[in-house]
Amino acid sequence: MPSATLLGQALISGVLAGGMYGLLALGLSLSWGLLRLVNLSHFALAFLAAYIVYDLGTNYHVAPWWSAMMVVPAMFLIGVAQHWLFDKFKVNELASLLITFSFAMIVEAGIQLHWTADYRRFETHYSTWSLRAGPFYIPVLELVLCIVAGILAWGTWLWLRKTYVGKALRASAEDADIAAAFGIDHKKLAYLLSGIGAAYAGVAGTFIALIATLAPAQIWAWLGVVFAVVIIGRLGNPLGALFAGMLIGASESLAMAVLSPAWAPVVSFSVLIVILLWDPDWL
Amino acid sequence: MLLEARNLHIGYGDAPAVWDVSLDVDAGEIVSVIGPNGAGKTTLINAIAGLLRYRQGELRFDGTDMARVRSHDYCAHGIALVPEGRRLFVKMSVEENLEIGCYLAAARKVRNESLERVYGLFPILRDKRLQLAGELSGGQQQMVAIGRALMARPRIVLFDEPSLGLAPTIVDDMFEIIAKVRDDGAAVLLVEQNVIKALGVADRAYVLEQGRIVATGLPDDLLKQPHIREAYLGV
Amino acid sequence: MTSANALPSALPRLAAVLGIAVFAILPTAGLPAFYDSFFYIVFFWISLSTSWALLSGFAGYFSLGHAAFFGVGMYTTATLTTQFQVPFLATVPAAAAVAALLGIGIGAVVFRLKRLRGELFALLTLAVTFVIATIILNTPIDGGAGVFMSAVPMPDIMPTQTGTIYVLGFVMCAATLAIAWKVAHSRLGMGLFAIHDDEDVAEAKGVPTFRYKMAAFALSAGIAGAVGGIHAMYVGFLTVGGTFELTVPLYVVLMSVLGGSRHWFGPTVGAAVITTLLYAFISGGEAMIGRAIVGLILIVAILWLPDGVVPAVQKWFRKRKASETEPAASIVPVVTAPARPVGERTILEVRGVTKRFGGLQALDGVDLDVREGEILGLVGPNGSGKTTLINVISGFYPLSSGTIAVDGAQIGHLPAHEVAGRGVARTYQIPRPFVNMTVLDNVALAATFGGPVRPAAEVRDEAVHWIAFTGLAGKEQALPAELNLHERKFLELARALAARPKLLLLDEVLSGLNPAEVDNAIRLVRAIRAQGATIVFVEHLMRAVVELSDRIAVLNEGKLFALGAPREVMRDPRVISIYLGKAYAA
């Protein structure tokens with residue numbers, strides 16, 4: 001049994017890693033929960049954003065936050081364009097899964113063609129900074145990531161809860177026809193939501209560039225876990241996505257410390273299986 | 001004439017449900033359309049509310065031809081719907097449901113005033129305003145549905161089977177409220193299975209059977225004619 | 001009629017035999033080993049995607065976990081050969097068996113969930129794959145180091161190793177296609193296709209849905225396991241990452257969807273096309289461009305050919321054959337044979353039936369007897385429980401309490417498909433035909449699962465008879481979407497009759513029909529009764545109920561309120577008051 005310090009550190013690292021899960025899960029949860037479209041290209045877009053941030057930072061010395069300010073709106077537009085395609089062809093949930101997977105394949109191919117399959121690392125002078133809290137180390141970048149994820153999740157939650165547009169989105173997701181009877185234009189909202197989901201992928205991508213090592217095949221590495229997080233956090237619930245992300249991150253990290261690193265995936269998927277079998281309506 | 005429908009043909013997919021229906025509603029009137037189950041009442045009112053497109057015929061609201069108006073723009077013209085079975089947003093609170101009613105800009109400006117009026121009409125909703133709409137009883141949900149429509153400050157309120165699934169005492173309350181809605185300034189078009197209640201509150205009425213209007217006139221006159229009995233009882 | 005007629009049926013058979021012959025002798029043609037390898041890969045993907053389609057394409061239960069079975073098969077072979085020195089060929093059936101058992105295990109849990117459909121099944125199968133992969137990674141089966149197969153002796157089937165692998169892959173592929181063809185043309189396949197379109201209705205028509213899904217899943221998993229076993233030999237070195245890579249289950253899905261997952265040959269087309277494309281680009285050194293192009297083709301295919309390539313081609317051929325003018329729906333001739341007098345046997349006996357939904361009491365102690373050959377009209381205001389009673393009798397809802405007997409046999413506790421087997425058939429207010437099956441197949445299915453086991457030709461004749469009886473003659477090859485509402489309602493009736501039911505339950509069969517169609521329908525119901533069926537029908541069109549019924553049962557608030565001759569019942573002041581209010585009746 002590892003020491004308390006080791007467990008504590010594992011817990012902290014896990015929660016921080018969970019922040020990334022939550023950030024990735026945010027956009028996916030919104031579009032799946034409120035639009036009933038499964039968007040597998042979310043991960044590809046995040047990585048595309050990551051590569052662009054890496055490229056601008058490494059080759060042109062553009063600071064990541066400036067890159068983000070360009071990339072995130074660009075992602076928004078890509079999300080809108082993607083929804084235009086879905087709308088035009090009246091794509092259903094299953095087809096959206098297949099089409100976005102194909103789209104992700106195309107993006108992955110594009111990334112590999114341009115940047116090759118070599119591992120890429122965005123080196124910054126602050127990438128190794130970390131804070132000390134007693135015996136524990138808290139990497140600064142990951143802490144910032146969690147704070148940003150928290151702000152975004154909370155902000156989204158407030159937006160959905162308190163603003164008219166947010167309420168209109170929730171109403172439309174429940175009963176689009178009756179919402180329309182009170183003036184809510186489902187189509188316009190769907191475009192907005194698509195764009196926002198993709199924009200969140202852009203934010204996640206910025207942090208992926210800063211924290212992780214980039215390789216095209218990595219696009220698929222997080223797919224399973226993030227899906228599990230989205231479902232466990234309940235669809236369409238931004239705070240749920242974040243908390244589920246941190247919960248899963250922490251559980252994985254603890255499992256890794258207590259058992260062995262390779263057991264980590266079992267955690268999220270076992271939780272997922274149990275939840276789905278116990279309450280099919282959770283979805 | 002506030003609402004004019006002429007020779008409407010309405011259907012689902014290839015199933016025609018309503019044939020050649022014409023009716024009028026004037027400002028300040030309560031008009032009832034009665035008929036047995038399956039007569040096409042919900043189809044008719046959904047078309048007038050913009051949820052369904054009609055295939056043939058003409059629908060005019062305050063002179064405007066509604067043929068080219070999109071579904072989500074019907075409300076802006078002053079038409080509000082209280083749907084069959086309430087169709088509330090069950091995962092949202094009572095107050096949020098009411099707020100959806102005043103989503104449109106003009107109604108949104110007077111949100112607080114409208115809310116006060118609705119809570120005045122249905123005091124119990126004020127107590128339950130933060131509760132999820134799905135947790136309320138049938139009668140309370142009906143109140144929310146009516147309140148939601150009133151929040152839109154409509155010129156006409158369409159009621160689709162307001163008595164459905166409600167206990168008899170609550171049904172009485174509902175029809176009193178319908179009368180109050182008219183008194184407050186909106187015209188009312190209601191479709192209803194319950195003959196006595198619907199005719200009791202109406203200024204004029206139509207009888208719908210198998211998708212067609214088979215009789216129209218003043219409530220007392222209709223009660224004396226055989227059409228209602230034949231439509232509901234087949235004899 | 002155009003000169004380019006549809007292919008004579010001998011041609012596909014000839015093509016198949018030729019294809020098999022060509023591929024069987026290919027290794028001896030002396031082509032470079034590269035071709036053995038390439039064709040093996042093609043066979044591999046064909047087998048894998050065809051096996052996936054057995055459940056997911058035919059029955060519509062979309063699985064994202066095909067890699068689990070494939071991987072389990074691979075590692076079974078790897079473990080047996082390297083750790084237990086079992087000869088390679090003997091491990092292949094073992095791999096199939098282990099994978100099939102896994103499939104049965106998953107299915108036994110997952111198919112019992114009441115509301116398991118769509119995305120849920122996909123996600124569960126995906127999650128199971130990840131868990132299995134992790135378990136294999138962390139146990140001595142793989143342990144993280146991977147498994148080397150190079151020391152395992154290859155059987156001596158062909159002079160070269162690649163030749164042997166080719167033959168194994170080819171045999172597997174041919175066997176898989178044979179199985180897929182057989183399933184598609186069997187009762188199992190018919191049932192699976194029906195489950196795909198509407199599982200509840202399939203169940204109501206007598207299809208044993210749970211058993212069939214399990215069978216398809218076990219077959220699908222078993223074949224994938226065998227494919228995996230063979231593939232272990234091909235790769236030579238297994239890793240968990242490579243085996244359970246996410247793109248494997250997704251490729252299988254895409255290949256099937258591209259070619260047409262409902263057709264037994266669809267995945268073959270998709271697999272061949274995609275594999276060839278990918279290979280063409282890999283050998284050119286531009287693998288990623290290949291993947292991008294595959295992605296693009298798939299997007300185009302899903303948007304424009306949602307059913308897949310093979311069905312699209314079939315549809316194209318059908319359109320060229322179809323006649324230009326559609327005959328109008330024929331009117332059923334008036335039955336000249338005298339109506340039978342109502343018999344003595346009690347066909348339906350309902351005693352004290354209650355049904356609760358949570359707090360709502362839908363049925364509150366209903367007692368009812370219906371005699372043989374009777375037409376009973378079931379009426380009542382909204383919410384009175386009419387449709388609930390039909391649903392309870394047909395087995396769609398379980399009873400809360402009470403008993404129901406059909407011709408003496410208790411059916412109250414039976415699931416829907418067994419109730420159908422006892423001679424009860426029902427129609428739905430909004431017709432629910434199997435949308436991807438022709439009119440003939442729709443009716444044939446009901447005859448197959450609703451009657452005794454008979455040769456297919458007899459079933460077909462029976463189906464044609466009922467199609468003619470309901471006035472749909474000439475429309476046997478039409479798809480339900482090509483019929484109007486009137487015709488679809490009659491298709492519902494033909495389907496119900498094909499099971500030769502003792503008791504026919506009609507749910508608002510007249511709703512949505514114009515007056516001429518209503519008269520037509522009434523004539524048909526009378527003709528059905530003249531054939532000997534007993535009919536209970538729920539209807540709102542009161543004039544028709546009064547005209548058609550021998551007796552009327554009025555339900556109100558879940559209880560039987562009145563029962564008797566039509567005109568008497570509908571003039572009873574108590575009945576009038578529940579429809580029109582006490583004031584009216586006074």
Side-chain angles (χ1 to χ4, degrees), chain B residues 9-20 34-43 84-85 137-138 160-168 171-172 175 192-200 207-212 214 219-220 222-235, chain C residues 359-360 377 379-384 386-387 429-431 480-489 508-515 517-518 538-549 552 554 557 565-573 575-586:
Chain B
H9 285 252
I10 314 163
Y12 288 98
D14 61 8
V18 168
W19 284 276
D20 205 22
I34 56 175
N37 231 315
K41 304 189 297 295
T42 295
T43 307
E84 182 187 2
S137 72
D160 191 350
E161 304 240 31
S163 76
L164 203 60
L166 298 181
V171 170
D172 292 337
F175 280 90
E192 193 31 83
Q193 223 190 122
N194 186 327
V195 172
I196 298 301
K197 284 291 167 199
L199 291 182
V207 180
L208 192 68
E209 188 193 348
Q210 244 191 311
R212 280 171 226 277
V214 294
D220 287 333
L222 286 176
L223 281 170
K224 297 197 192 95
Q225 290 162 20
H227 301 95
I228 295 178
R229 203 193 65 235
E230 282 165 10
Y232 277 78
L233 300 170
V235 291
Chain C
L360 180 69
V379 302
N382 243 347
S384 54
K386 312 182 292 292
T387 302
Q429 176 189 359
I430 299 174
E482 296 159 17
L483 304 177
N484 65 34
L485 179 69
H486 180 55
E487 292 166 327
R488 264 182 277 136
K489 290 211 176 231
E508 299 206 36
V509 67
L510 302 176
S511 77
L513 299 180
N514 67 40
E517 292 167 341
V518 167
V538 170
E539 193 49 67
H540 286 305
L541 192 52
M542 288 311 297
R543 290 184 209 252
V545 178
V546 167
E547 196 187 318
L548 197 48
S549 316
I552 290 184
V554 181
E557 290 173 358
R567 296 207 140 70
E568 279 172 36
V569 167
M570 299 321 286
R571 290 211 167 102
D572 183 342
V575 171
I576 296 180
S577 75
I578 63 171
Y579 273 100
L580 298 177
K582 291 197 171 58
Y584 195 99

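Every chain is numbered from 1, with letters handed out A, B, ... down the list of sequences.
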Q) What is the distance from atom OH of C:Y579 to atom CG of B:N37, rounded to the nearest 0.5 Å? A) 8.5 Å
Q: For residues C:L513 and B:W19, report the shortest heavy-atom separation together with the two atoms involved.
A: O-CH2, 4.0 Å
Q | Heavy-atom contact with chain C under 4.5 Å, split by part of B:A39 | A | neither
Q) Excluding sequence neighbours, so at least two apart, what forms salt bridge (Lys or Arg N to Asp or Glu O under 4.0 Å) with C:E508? A) none
(Q) Minimum heavy-atom separation for B:Q210 and C:V518, please, with both atom names. (A) NE2-CG2, 3.7 Å
Q. Considering only heavy atoms, which portion of B:E230 lies under 4.5 Å from any heavy atom of chain C: side chain, backbone, both, or neither?
A. both
Q: Hey, could you give me the CZ/CE distance between B:R229 and C:M542, rounded to the nearest 0.5 Å?
A: 12.5 Å
Q | Heavy-atom closest pair, residues C:L580 and B:L233 | A | CD1-CD1, 4.3 Å
Q: Tell me, out of B:R212, B:K197, B:Q193, B:E161, who's got the most heavy-atom pairs with chain C below 4.5 Å.
A: B:Q193
(Q) At a 4.5 Å cut-off on heavy atoms, which part of B:L199 comes close to chain C: side chain, backbone, both, or neither? (A) neither
Q. Is the CD atom of C:E557 crowded by more than 12 outside heavy atoms at less than 6.0 Å?
A. no
